[in-house]
Each structure stands twice: as C-alpha cells, then as structure tokens.
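Contents: one structure, followed by commentary.
In what follows, every heavy atom counts, from backbone to side chain, and hydrogens, waters and symmetry copies are set aside. One-based numbering along the sequence shown.
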Amino acid sequence: MKGLTVQEICEIIPHRHPFLLVDYIEDYEPGEFAIGYKCVTYREDFFKGHFPKEPIMPGVLTVEALAQVGAVAILSKEENKGKVAYFGGIQKCKFKGKVVPGDKLKLETRIIKQKGPLGIGEAVASVDGKVVVSAELTFMVG
C-alpha cells in the first residue's frame, strides 16, 4: 500500500481549498485505482446552507470527491503529470445515504476503461462500510 498526504495530492490534481474534497489517499496504483478519505467536519462551508437545521453533505459534492480520487489515479500516471482530468459524464449514479458532520467518508474509484484521453471510473463512497453513493464517472484528460 502506498498513500499520499494532502500536500502530495495537491502536486497531482489542481483542486485547492475550499474545493479539494480529499484529505488523504490510503492506497493507489497509477492508472488503476485510488482509495481516499474525506473527514467531514461541521465547519464545512456548505453546511451553512445545506441544511441549517440538518447538516447534510450535498450528494453532488460526494460525487465530486469520488472524481477527485479518480483524478489522482489517472493523473499520477507518468504521461498525465501536469494535466487535468475533466468530467465527461455521470452514469448509473445512486444516492443511498446521508453524509453528515463527523463522518469519515471512504472514496474508492477504480478505472475500468481507458482509450486515449477518455476513460471511465467505477466509484463508490461509503461511511462505516455502508454505501452512500455509487456512480460510473466518465473523464477526459486534457
């Protein structure tokens, strides 16, 4: 297993606070997969408005966090260093649970197909072993 700190993640993907949604990578294989975590705290800016009486991490931000983990897998390949991975599409997305303050969000994205700059990642987000979001993410490296 090889992990990455937040500083090392920032050397691979262009996202920065407040939009960097990955705190650390537990394990990854360039071009194959990455497993990362987001430690969700009450201090996240989005909780101010989503929702004031019941703070829930927006589902689309969980999908974005999965995409960022996938971007680590793709952009850590030698030939993709310094490039950006753009969203090309989201398929088969299912929201199955809430993400709330205090959750340790596990983010797993496995690259299942890649042809040239285009690819597809199979992505699953979970909290305490329970799946909260699953999706197929299409990306383009540019």
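The number of heavy-atom neighbours closer than 6.0 Å to NZ of Lys130, taken from other residues, nucleotides and ligands shown, is above 12. Residue Glu79 places its CD atom among more than 12 non-hydrogen atoms of other residues, nucleotides or ligands, all under 6.0 Å distant.
Leu4 places a side-chain heavy atom less than 4.5 Å from the side chain of Ile12. With a 4.5 Å cut-off on side-chain heavy atoms, Val132 and Met57 do not count as touching. Taking the side chain as every heavy atom from C-beta outward, Glu8 and Tyr24 never approach each other to under 4.5 Å.
Side chain of Lys92 to main chain of Ser134: no donor-acceptor pair is present (N/O by atom type, distance under 3.5 Å, no hydrogens or angles). Formation of a donor-acceptor pair under 3.5 Å by the Gln91 side chain with backbone atoms of Glu136 is not found in this model. Between the side chain of Arg110 and the backbone N or O of Val124 there is no donor-acceptor pair closer than 3.5 Å.
Salt-bridge check for Glu44 with Lys38: passed, with a basic side-chain N closer than 4.0 Å to an acidic carboxylate O.
The line from OG of Ser126 to NZ of Lys96 is 11.0 Å long, rounded to the nearest 0.5 Å. To the nearest 0.5 Å, atoms NZ (Lys113) and CD1 (Ile111) are separated by 12.5 Å. Here the CD-CG distance, from Glu32 to Asp27, works out to 11.5 Å after rounding to the nearest 0.5 Å. Note that CZ of Arg43 and NZ of Lys48 are 8.5 Å apart. Values are rounded to the nearest 0.5 Å. In this structure, the separation between CD on Glu64 and CG on Leu137 is 9.5 Å, given to the nearest 0.5 Å. To the nearest 0.5 Å, atoms NZ (Lys106) and CG (Asp128) are separated by 11.0 Å.
Pairing each heavy atom of Ile56 with each of Phe47, the nearest pair is C-CE2, 3.4 Å. Pairing each heavy atom of Tyr28 with each of Lys2, the nearest pair is O-CE, 3.0 Å. Scanning all heavy atoms of the two residues, the minimum distance from Lys98 to Asp103 falls at O-OD2, 3.9 Å. Nearest heavy atom pair, residue Gly121 against residue Thr109, reads CA-CG2, 4.2 Å. Closest non-hydrogen pair, Leu75 versus Lys83, comes out as CD1-O, 3.5 Å. When all heavy atoms of Val60 and Phe95 are compared, the closest pair comes out as N-CE2, 4.3 Å.
In terms of hydrophobic clustering, with Ile, Leu, Val, Met, Phe, Trp and Tyr side chains grouped at heavy-atom distances under 4.5 Å, Tyr86 and Leu118 are assigned to different clusters. In the hydrophobic clustering of this structure, Leu107 groups with Leu61; members are Ile, Leu, Val, Met, Phe, Trp, Tyr whose side-chain heavy atoms approach within less than 4.5 Å, directly or through other members. In the hydrophobic cluster analysis, where Ile, Leu, Val, Met, Phe, Trp and Tyr join through side-chain heavy atoms closer than 4.5 angstrom, Ile35 is grouped apart from Leu20. Both Ile90 and Val141 belong to a single network of hydrophobic side chains, linked directly or stepwise wherever heavy atoms of I, L, V, M, F, W or Y lie under 4.5 Å apart. Placement of Phe51 and Val40 in two distinct hydrophobic clusters is found when ILVMFWY residues are connected by side-chain heavy-atom separations under 4.5 Å, directly or transitively.
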Using side-chain contact (heavy atoms from CB on, under 4.5 Å), reason through Ile13 and Gln68 one step at a time and then give a plain yes or no. CA-CA 8 Å; Ile13 64 174; Gln68 290 180 17; 4.0 Å; yes
Before you tell me yes or no, could you show the steps for Phe33 and Glu122 under side-chain contact (heavy atoms from CB on, under 4.5 Å), namely the whole-Å CA-CA distance, both residues' side-chain angles and the distance that decides it to 0.1 Å? CA-CA 9 Å; Phe33 75 93; Glu122 208 171 62; over 6 Å; no
Step-by-step side-chain contact (heavy atoms from CB on, under 4.5 Å) determination, Val127 to Val100: CA-CA 10 Å; Val127 175; Val100 298; over 6 Å; no
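No hydrogens or angles considered: nothing links the side chains of Glu11 and Gln7 as a donor-acceptor pair under 3.5 Å.
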